[in-house]
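What follows is a short report on a single structure.
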Amino acid sequence: MVSTIVIGAQWGDEGKGKVVDLLAKDADLVARFNGGNNAGHTVVVDGKKYKFHLMPSGAVQGKRCLIGAGIALDPKVLKEEIEQLNWDKDPNLAIDPRTQIIMPWHNALDNAKEASKGDGKIGTTGRGIGPCYADRASRTGLRFCDLVDSKRLKEKIDREFEAKEKILKNVYNSEIPVSKEEIFAEYDALGKEFVKYYADVSKEVSTALEAGKNVLFEGAQGTFLDNDFGTYPYVTSSHPTAGAIFTGLGIGIRPIERIIGIVKAYTTRVGEGPFVTELKGKIGDSIREKGQEFGTTTGRPRRIGWLDLVLLRTSIRLNGFTEIALTKLDVLTGLEKIMVCTEYECEGKTCKELPADLDKLAECKPIYKEMPGFEMDSTATSMEQIPKEAQEYVAFIEKELGIKAKIVSVGPGRKETIVR
Ligand code: IMP
């Protein structure tokens, strides 16, 4: 069987949830390996919208869903998500004991740090992601194995609460909004509730791969939010790139047959940071409205721009994509002309890949190819049924990038998809 990695090729929100849902039908396991509830995946089935933050999107198909050690897990959010989804049976979920837990002081620190930065803020989702991963790196984090052990949980809360309270008070003139005792009571109850999901995900995925099972690896966020290779510091604190499946789940390095880059037919980003093809006027506003480009997690309006092939070329190299899935093509309908950025002008030269230095990136200017617009709806089931100009748009992207778009999404629903 073919195992598959699904990765956001841009800055997140490319429509990974829909593609994961589509592929999950044939998967034995669906595993998440990075990020936390900063993610927001939307899956639409028969007009019903499912919004996920933590739960792998394979849950809609009733698949076994795994949360790997590389995740930052907010157990309060997981509880809400399970309740809101209103499943008639318990989700078939496994959480690795090594998974980091987001605690209330992480949210408090995330917000206090952002507020203290003024104009230099990153524009985080405020979900405590950065401080939680910082604690992992500092070796002071709480993990799922601590959450389910009352004695250890109490010891760690006692220690961390004091330390974080001091930082919040003395550095940020802020505080943890709940008492240590309340935190213990709430998190101890969550640990007792979730202990049934305790499972060694690292072993389970390794064994499944050795047995030739089909594992679907579901990335969250997008390549350019990668903590190392994204537009640092305007990035998240995990690794949304394909290589992270090995470290985020704890499996040995091996070839994975299909690595799909999810590419939105235009570009969006949420939060601060350079955006070479950004559209600030009416065209951007109309794409935002048509594409419903508002954050699933925070509701923030997303910044909009033309498709950027410089970004995508870099993304293909960083992830080793074997194919792409082009999403939201229908959103471009009705535009008179469509621009595609093929190269940047950077320090008097042209460049085909993203410069590593953010200050240089901020100075880059887009070089565009103009393409004719098209009118289309979401009913097409084959490429022949979409307008000639839209076919040319897809063909141009494939040719410039040297990669095939094997899935083309023409609407939010499961059926509104062309599989080639
Ligand atoms: P954090 O992950 O909350 O620390 O936010 C860091 C940056 O990543 C901010 O610009 C966020 O808007 C962005 N970000 C985090 N998660 C997502 C996502 O799932 N989609 C798009 N942007 C995200």
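Note: hydrogens, waters and symmetry copies are ignored here, and every other heavy atom, side chains too, is used. In listed order, ligands and their atoms are each counted from 1. Numbers for residues simply follow the sequence, beginning at 1.
The closest protein non-hydrogen atom to atom 12 (O) of ligand 1 is Arg300 NH2, 3.0 Å. For atom 21 (C) of ligand 1, the nearest protein heavy atom (residue, atom name, distance) is Asp13 OD2, 3.0 Å. What sits closest to atom 17 (C) of ligand 1 on the protein, heavy atoms only, is Gln221 CG, 3.5 Å. Protein heavy atom at the shortest distance from atom 3 (O) of ligand 1 is Thr125 OG1, 2.6 Å. Nearest protein heavy-atom contact of atom 9 (C) of ligand 1 is Gly123 O, 3.2 Å.
The existence of a salt bridge linking Arg313 and Glu400 is confirmed by a sub-4.0 Å separation between a basic side-chain nitrogen and an acidic carboxylate oxygen. A salt bridge does not link Lys16 with Glu218: every distance from a Lys NZ or Arg NE/NH1/NH2 to an Asp or Glu carboxylate oxygen is 4.0 Å or more. Between Glu204 and Arg64, at least one side-chain N (NZ, or NE/NH1/NH2) sits under 4.0 Å from a carboxylate O, which counts as a salt bridge.
Of the candidates Val235, Thr296, Thr231, it is Val235 that places a heavy atom closest to atom 7 (C) of ligand 1. In the candidate list Ile122, Leu225, Asn37, Thr236, Leu225 is nearest to atom 14 (N) of ligand 1, counting heavy atoms.
Within the 4.0 Å heavy-atom criterion, both parts of Val270, backbone and side chain, lie near ligand 1. When non-hydrogen atoms are compared, ligand 1 lies under 4.0 Å from neither the backbone nor the side chain of Arg269. For Trp11, every heavy-atom contact with ligand 1 shorter than 4.0 Å involves the backbone, none the side chain.
Some N or O of Asn38 is nearer than 3.5 Å to an N or O of ligand 1, by distance alone. Checked by distance only, ligand 1 and Arg127 stay at 3.5 Å or farther apart across all their nitrogen or oxygen atoms. Polar contact check, Glu272 against ligand 1: no nitrogen or oxygen pair lies under 3.5 Å apart. Checking only distances, Thr124 never comes within under 3.5 Å of ligand 1, N or O to N or O. Not a single N or O atom of Asp110, backbone or side chain, sits closer than 3.5 Å to an N or O atom of ligand 1.
Looking only at atom types and distance, the side chain of Asp96 has no donor-acceptor partner in the side chain of Ser202 under 3.5 Å away. No hydrogens or angles considered: a donor-acceptor pair under 3.5 Å links the side chains of Thr223 and Asn319.
Residue contacts with ligand 1 include Ala39, since one of its heavy atoms falls under 4.0 Å from the ligand.
For Tyr393 and Phe396, the distance between ring centers is not under 6.0 angstrom.
Of the residues listed (Arg159, Arg98, Lys154, Lys156), the one engaging Asp146 in a salt bridge (charged side-chain N to carboxylate O under 4.0 Å, His left out) is Lys156, and it is the only one.
At least one donor-acceptor pair closer than 3.5 Å links the side chain of Glu257 to the backbone N or O of Ser3. At least one donor-acceptor pair under 3.5 Å links the side chain of Ser378 to the backbone N or O of Val410.
Of all the atoms in ligand 1, the ones that sit under 4.0 Å from a non-hydrogen atom of Gly271 are 10 (O).
Atom CD in Glu345 sits 9.0 Å away from atom SG in Cys364 (nearest 0.5 Å). With values rounded to the nearest 0.5 angstrom, Glu160 atom CD is found 12.5 Å from Glu155 atom CD.
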